[in-house]
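The structure under discussion is supplied below as structure tokens; questions concerning it will follow.
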Amino acid sequence: MKAIVDCNSFYAACERLFKPSLHGKPVVVLSNNDGCIVSRTDEAKELGIRMAEPYYQNKLAIEKNKVAVFSSNYHLYGDISRRVMETLRSLSPSVEVYSVDESFLELTGINENKLYDYALFLKSTTELWTGIPVSVGIAPTKVLSKVANRLAKKDKIGTKGVVVLQTPSQQREALEKTAIEDIWGVGNANAKKLRLFNINTGWDLRNMNEEWARKNLGGIVGVRLIKELKGFPCIEMKDPLTTKKMIATTRMFGKPVYELQALKEAVSTYLSRAAEKLRRQKGACKTITVFVVRNDHTQFKSDYFPASKTAYINLPSATDLTNVMISHVMPLVEMLYQKGSKYIKAGIILGDIVPANMIQYNLFELGENLNQKKLMQVMDNINFGIKTDLVKFAALGTKRDWKMRQEMRSKRFTTIWDELREVR
DNA sequence: TCTGGGGTCCTAGGACCC
DNA sequence: TCTGGGGTCCTAGGACCC
């Protein structure tokens with residue numbers, strides 16, 4: 001059996017942790033640049049505020065109902081997430097962190113007659129130790145445990161926040177209650193298609209033929225989905241030690257950018273951030289992709305037609321050195337840049353990632369690279385430990401007009417010395 | 001005026017090889 | 001007049017997830 005433990009309204013819950021006066025009140029958290037709504041408490045959901053909608057479209061309802069609004073504060077959420085996952089690891093031998101706010105647990109060895117009690121224990125302990133409310137779903141497969149979790153979230157009082165789908169009849173009842181688009185792995189495109197075939201619930205899909213799924217539902221992906229719905233595990237637990245295969249840093253700009261120099265500064269900054277992530281997993285990359293997105297004026301003011309241009313480079317040898325990456329990428333930015341265009345976003349993607357200790361240096365590079373490595377270590381230590389970007393390359397610029405807007409960010413209560421909670 | 005960011009997996013199709 | 005078949009590797013792009 002497998003469990004999924006999922007934090008309720010995670011970002012909003014993190015904000016509430018340090019502002020107890022917000023308990024029972026509607027709270028929302030915005031995406032980067034204060035663009036979209038990405039987390040809502042139940043009270044905010046009841047007001048009709050929808051997930052992933054632009055903030056400005058909901059401003060009226062938000063102001064009228066005195067909803068508390070926060071810009072996203074990833075320092076805070078990352079640290080609270082780590083506490084939640086540490087708690088789960090202390091309670092269960094096999095934890096796969098699936099995202100910032102949810103983990104799968106392998107329950108082999110837990111008494112099959114006591115799964116419900118175990119789920120309640122996971123929930124209460126996590127909430128007591130971290131202050132973050134969670135829901136727990138348990139079932140034979142990952143897909144079914146997601147179904148269970150969703151039902152637990154929907155009816156927090158009736159289910160006590162915990163649903164176990166152990167018997168075939170429990171599974172059938174749950175799947176009949178679950179609309180097709182709410183099944184994990186069925187997105188918008190496939191949901192539409194399935195509805196045309198008159199497949200409307202999870203139970204309808206479970207009863208489809210696997211060969212049909214191979215033809216009509218994304219090949220092997222569809223076959224696995226149906227097997228999982230039937231209770232045969234096909235999506236296995238992932239090794240927690242696996243490293244990322246690509247690392248991306250991409251952002252909308254706070255203000256549009258017109259000048260090449262500003263565009264280069266932004267890309268250099270994103271590159272530095274991505275390189276830090278790369279070094280943290282002790283990797284080196286062989287390819288770098290850079291893209292810029294412009295949105296030039298058209299005759300209609302309201303038009304939103306972003307157009308992106310991409311370039312990539314295959315490095316002569318894998319590297320984890322920020323300055324080497326910058327020197328390779330700047331010519332690409334110059335190539336992509338068109339004078340007179342209005343740039344709204346840029347991003348970089350590091351690919352073809354290999355373990356850093358397997359980099360092959362040639363004889364001439366060797367000595368210099370060792371010095372560079374030390375420099376990177378020193379920079380990373382300073383930047384991780386104290387304040388972001390205290391030490392950086394000149395290419396990153398100092399004005400940084402393009403930096404994203406975060407007008408309503410709470411303090412980084414747990415990770416930045418200057419912003420710690422004070423007790424008098 | 002204002003529409004996020006960071007990932008994974010899979011497939012199709014082209015290039016190339018013998 | 002006749003013009004193979006099978007394999008691999010790579011890339012772009014789609015679909016999905018939170």
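These numbers come from a predicted model, not from an experiment. Chain letters run A, B, ... following the sequence lines, proteins first and then strands; every chain starts at 1. Because only heavy atoms are used, hydrogens play no part in the values below, and waters and symmetry mates are left out as well, while side chains stay in.
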What integer number of Å spans the P atoms of C:dC18 and B:dT3?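 Their P atoms lie roughly 24 Å apart.
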Heavy atoms, side chains only, cut-off 4.5 Å: are A:Asp182 and A:Ile180 in contact? no
Side-chain N or O of A:Arg251 less than 4.0 angstrom from OP1 or OP2 on B:dG6? yes
Nearest-angstrom distance from the residue atom CG of A:Leu350 to P of B:dG7: 9 Å
Tell me: CH2 of A:Trp184 to P of B:dG7, nearest whole Å? 18 Å
So among A:Lys282, A:Lys373, A:Arg279, which one has a salt bridge (Lys or Arg N to Asp or Glu O under 4.0 Å) with A:Asp320?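 Single salt bridge (Lys or Arg N to Asp or Glu O under 4.0 Å) partner of A:Asp320 among A:Lys282, A:Lys373, A:Arg279: A:Lys373.
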Mind checking A:Phe10 for me? I need base, sugar-phosphate or nothing, with any heavy atom below 4.0 Å counting as a touch.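 No contact.
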Assign A:Ser72 to base, sugar-phosphate, or nothing according to its heavy-atom contacts below 4.0 angstrom with the strands shown. nothing
Whole Å only: how far is the CD atom of A:Glu236 from the C1' atom of B:dT8?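 Distance check: A:Glu236 CD to B:dT8 C1' gives 17 Å.
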Any side-chain heavy-atom pair from A:Glu210 and A:Lys230 closer than 4.5 angstrom?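 Yes; the side chains approach each other to less than 4.5 Å.
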Can you figure out which of C:dC18, B:dT3, B:dG7 approaches the side chain of A:Ser99 most closely?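 Side chain of A:Ser99 sits closest to C:dC18.
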Axial cation check for A:Tyr258 ring with A:Lys342, 6.0 Å and 45° limits: no
Candidates B:dC10, C:dC18, C:dC16 - which lies nearest the side chain of A:Tyr98: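 Of B:dC10, C:dC18, C:dC16, C:dC18 is nearest to the side chain of A:Tyr98.
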Please work out if A:Glu53 contacts a base, only the sugar-phosphate, or nothing of the nucleic acid, heavy-atom cut-off 4.0 Å.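 No contact at all - A:Glu53 keeps every heavy atom at 4.0 Å or more from the nucleic acid.
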Looking only at side-chain N and O atoms, does A:Asn198 offer a donor or acceptor that is under 3.5 Å from a partner on A:Asn200?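 Yes, side-chain donor-acceptor contact under 3.5 Å.
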Across the strands shown, which category fits A:Tyr312 at heavy-atom distances under 4.0 angstrom: base, sugar-phosphate, nothing? sugar-phosphate
Indicate whether the side chain of A:Thr201 and that of A:Glu176 have a donor and an acceptor atom separated by less than 3.5 Å.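 Per modelled atom types, A:Thr201 and A:Glu176 side chains form no pair under 3.5 Å.
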Closest approach to the side chain of A:Ile247, judged atom by atom: which nucleotide of C:dC18, B:dG7, B:dC2 is it? B:dG7
Sugar-phosphate only, base, or nothing, as touched by A:Lys345 at under 4.0 Å among non-hydrogen atoms: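 Contact class for A:Lys345: sugar-phosphate only.
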Nearest to the A:Asn32 side chain among B:dG4, C:dC17, B:dT3, which nucleotide is it? B:dG4
With distance as the sole criterion, is a donor-acceptor pair present between the side chains of A:Ser135 and A:Asn8 under 3.5 Å? yes
Side-chain heavy atoms of A:Val5 within contact of A:Lys123, under 4.5 Å: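 Sidechains of A:Lys123 and A:Val5: no contact.
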Among the nucleotides B:dG4, B:dT3, B:dT8, which one has an atom lying closest to any side-chain atom of A:Met246? B:dT8
Within the 4.5 Å heavy-atom criterion, are A:Arg83 and A:Asp79 side-chain neighbours or not?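 Contact flag for A:Arg83/A:Asp79 side chains = yes.
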Measure from the side-chain heavy atoms of A:Lys245 and tell me the nearest of B:dT3, B:dT8, B:dG6. B:dT8
For a 4.5 angstrom cut-off between non-hydrogen side-chain atoms, does A:Thr41 reach A:Val28? no
Distances under 3.5 Å between nitrogen or oxygen atoms of protein and nucleotides 12-14 of chain B:
none

Within residues 139-154 of chain A, find the residues that approach DNA chain B with a heavy atom at under 4.0 Å, and present them sorted by residue number. none
With a non-hydrogen cut-off below 4.0 angstrom, is A:Lys59 in contact with a base, only sugar-phosphate, or nothing?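 Result for A:Lys59 = nothing.
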A:Arg405 has an atom CZ; how far is it from atom P of B:dC2, in whole Å?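 Computing the A:Arg405:CZ to B:dC2:P distance gives 9 Å.
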Given side chains that start at C-beta, do those of A:Lys227 and A:Arg224 come closer than 4.5 Å, heavy atoms only? no
Can you confirm whether A:Glu228 sits close enough to A:Lys146 that some side-chain heavy atom of one is under 4.5 Å from a side-chain heavy atom of the other?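 Answer no - side chains too far apart.
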Selected nucleotide, minimal atom distance to A:Asn190 side chain, candidates B:dG7, C:dA15, B:dG5: C:dA15
What integer distance in Å separates A:Ile348:CD1 from B:dG5:P?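 A:Ile348 atom CD1 is separated from B:dG5 atom P by 14 Å.
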Side-chain donor-acceptor contact under 3.5 Å, A:Gln372 with A:Asn323: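 Checked: A:Gln372/A:Asn323 side chains pair up, N/O donor to acceptor below 3.5 Å.
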About how many Å separate CE of A:Met325 and CE of A:Met330, when rounded to the nearest 0.5 Å? 12.0 Å
If I take atom CG in residue A:Leu225 and atom P in nucleotide B:dC9, what distance separates them, rounded to the nearest angstrom?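 To the nearest whole Å, that distance equals 16 Å.
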Need to verify one output field. Residue with the more 5' nearest nucleotide on DNA chain B, A:Ala248 or A:Asn33?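 Between the two, 5'-proximity favours A:Asn33.
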A:Gln57 has its side chain closest, among B:dG6, C:dC17, B:dT3, to B:dT3
Separation of B:dT11 P from A:Arg214 CZ (nearest whole Å): 9 Å
Selected nucleotide, minimal atom distance to A:Ala189 side chain, candidates C:dA15, B:dG7, B:dT3: C:dA15
Would you classify A:Asp34 as touching base, sugar-phosphate or nothing, given that sugar-phosphate means primed atoms plus P, OP1 and OP2, and contacts are heavy atoms under 4.0 Å? nothing
Given B:dG6, is OP1 or OP2 found less than 4.0 Å from the side-chain N or O atoms of A:Thr250? yes
Structure string for DNA chain C in dot-bracket form, Watson-Crick and G-U at under 3.5 Å, | interchain: ....||||||||||||||
Just call it for A:Leu30: base, sugar-phosphate, or nothing, with non-hydrogen atoms closer than 4.0 Å on any strand.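 If one applies the 4.0 Å heavy-atom cut-off, A:Leu30 turns out to touch nothing in the nucleic acid.
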Which part of the nucleic acid, if any, lies within reach of A:Leu217 when heavy atoms closer than 4.0 Å are counted: base, sugar-phosphate only, or nothing? nothing
From B:dT3, C:dC18, B:dG6, nucleotide with atom closest to A:Asp101 side chain: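 Closest nucleotide among those given: C:dC18.
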Between C1' of C:dC18 and CD1 of A:Ile37, the distance in whole Å: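 It works out to 17 Å between those atoms.
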Is the gap between the ring centers of A:Tyr343 and A:Trp402 under 6.0 Å?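 For A:Tyr343 and A:Trp402, the ring centres are not under 6.0 Å apart.
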Determine the contact category for A:Ile220: base if any of its heavy atoms lies under 4.0 Å from a base atom, sugar-phosphate if only primed atoms, P, OP1 or OP2 are that close, otherwise nothing. sugar-phosphate
Touch class at under 4.0 angstrom, heavy-atom based, for A:Val186 against every strand present: sugar-phosphate
